[in-house]
Amino acid sequence: MVSNVRITGTGQLLGLSRRLRRAGHENIRQSFTRRIRRAAEPLRNDLQDSMRHLAITSQSRSAGKRGGPSPTTRPFRASIAAAIRISVRTTGDPGARIWIDRSLLPSDITPGVLNRLDEGRLRHPVFGNKRRWVQQTATPGWWTRTVRNHTDRMTREVARVADDVRRHLE
């Protein structure tokens, strides 16, 4: 299921962000934010690549059926890949968050479409005709498998950044 990805240390990021705020070191806070963002960028890039290269297939048409080019010029996979974002917070709930910005998606790509696509299914009306639907299949786990592959690396990197900042504050 497509969901937000949050990489946080246990309680160490929260305590560290409080200490950063009290210390008032703006350049350390900016460095902290930049390094956490840099740790999350490979995950975002891999998610975008896996979406752009996701194989979506459908059953072939029967003989004599009409076909033709898509009536839209909007590339489906590229639209989703472009909407994958990173946000980093150093206050409140500190950490990195990878998410899909739904405001950047066309209105017909709903959260349900994204969840089903991660499950390997895509069901949609044929050229917007709500009386005729088609089922397409995709490689399951484009989101969950990619996140799972990066979680350990990102957790180690965030812990290393937190230790570096903690050492600098002491």
Side-chain angles (χ1 to χ4, degrees), residues 1-10 13 32-90 92-161:
M1 176 160 120
V2 176
S3 62
N4 294 336
V5 178
R6 292 175 185 250
I7 300 297
T8 59
T10 51
L13 285 179
F32 179 63
T33 303
R34 182 177 57 248
R35 289 175 68 189
I36 290 178
R37 177 178 297 278
R38 206 173 294 145
E41 284 174 353
L43 172 58
R44 184 207 49 207
N45 295 341
D46 278 358
L47 282 169
Q48 288 175 332
D49 285 344
S50 68
M51 174 44 67
R52 285 187 190 107
H53 299 107
L54 183 67
I56 299 176
T57 59
S58 62
Q59 298 169 346
S60 59
R61 284 191 209 111
S62 303
K65 296 287 183 176
R66 297 171 60 185
S70 172
T72 65
T73 57
R74 169 184 51 87
F76 178 72
R77 290 180 282 256
S79 298
I80 295 173
I84 298 173
R85 296 279 183 251
I86 299 175
S87 63
V88 177
R89 292 180 58 174
T90 57
D93 186 17
R97 184 174 155 229
I98 310 288
W99 53 290
I100 295 179
D101 187 355
R102 292 192 184 121
S103 68
L104 297 177
L105 293 175
S107 60
D108 59 337
I109 300 177
T110 62
V113 169
L114 298 173
N115 292 338
R116 295 302 170 280
L117 196 55
D118 191 48
E119 294 170 3
R121 298 177 303 155
L122 177 62
R123 186 170 184 266
H124 61 91
V126 177
F127 298 124
N129 180 357
K130 302 263 188 206
R131 289 182 283 155
R132 184 162 180 180
W133 290 71
V134 66
Q135 172 86 23
Q136 291 183 294
T137 58
T139 307
W142 71 272
W143 180 274
T144 52
R145 188 177 42 241
T146 306
V147 168
R148 195 176 323 116
N149 292 342
H150 281 269
T151 301
D152 291 339
R153 180 198 55 81
M154 287 182 60
T155 303
R156 284 191 311 271
E157 182 67 22
V158 168
R160 190 173 64 82
V161 169

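Numbering of residues begins at 1 and proceeds along the displayed sequence. Heavy-atom basis, side chains included; hydrogens, waters and symmetry copies ignored.
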Are Arg160 and Glu157 within salt-bridge range, i.e. N to O under 4.0 Å? yes

#### Entry: Asp101 side chain to Arg85 backbone, donor-acceptor under 3.5 Å
no

Separation between CG (Asp49) and CZ (Arg44), nearest 0.5 Å, reads 10.5 Å

Heavy atoms of Ala82 and Leu104 approach each other most closely as O-CD1, 4.2 Å

Output for pair (Thr146 OG1, Ile98 CD1), nearest 0.5 Å, gives 11.5 Å

Taken to the nearest 0.5 Å, the spacing of Met154 CE from Ile36 CD1 works out to 9.5 Å

dist Ile56:CD1 -> Arg77:CZ (nearest 0.5 Å) comes out at 4.5 Å

**Asked** Would you say Gln135's side chain and Arg123's backbone share a donor-acceptor pair under 3.5 angstrom?
**Response** no

Closest non-hydrogen atoms of Ser79 and Leu105, given as atom of the first, atom of the second and distance, are O-CD2, 3.7 Å

Rounded to the nearest 0.5 angstrom, the CZ-CG distance for Arg52 and Leu47 is 11.0 Å

Rounding to 0.5 Å, atoms CZ (Arg116) and CG (Leu114) come to a distance of 10.5 Å

Heavy-atom closest pair (Trp99 atom, Ile86 atom, distance to 0.1 Å) is NE1-C, 4.1 Å

Heavy-atom closest pair (Pro42 atom, Ala39 atom, distance to 0.1 Å) is CD-O, 3.5 Å

### Query
Do His124 and Val134 come within less than 4.5 Å of each other through their side chains, counting heavy atoms only?
yes

Nearest heavy-atom contact between Gln48 and Ile84 is NE2-O, 3.6 Å

Item checked: Student check: side-chain heavy atoms of Leu54 and Leu117 closer than 4.5 Å -> yes

Residues Glu119 and Pro140: closest non-hydrogen pair is O-CB, 3.6 Å

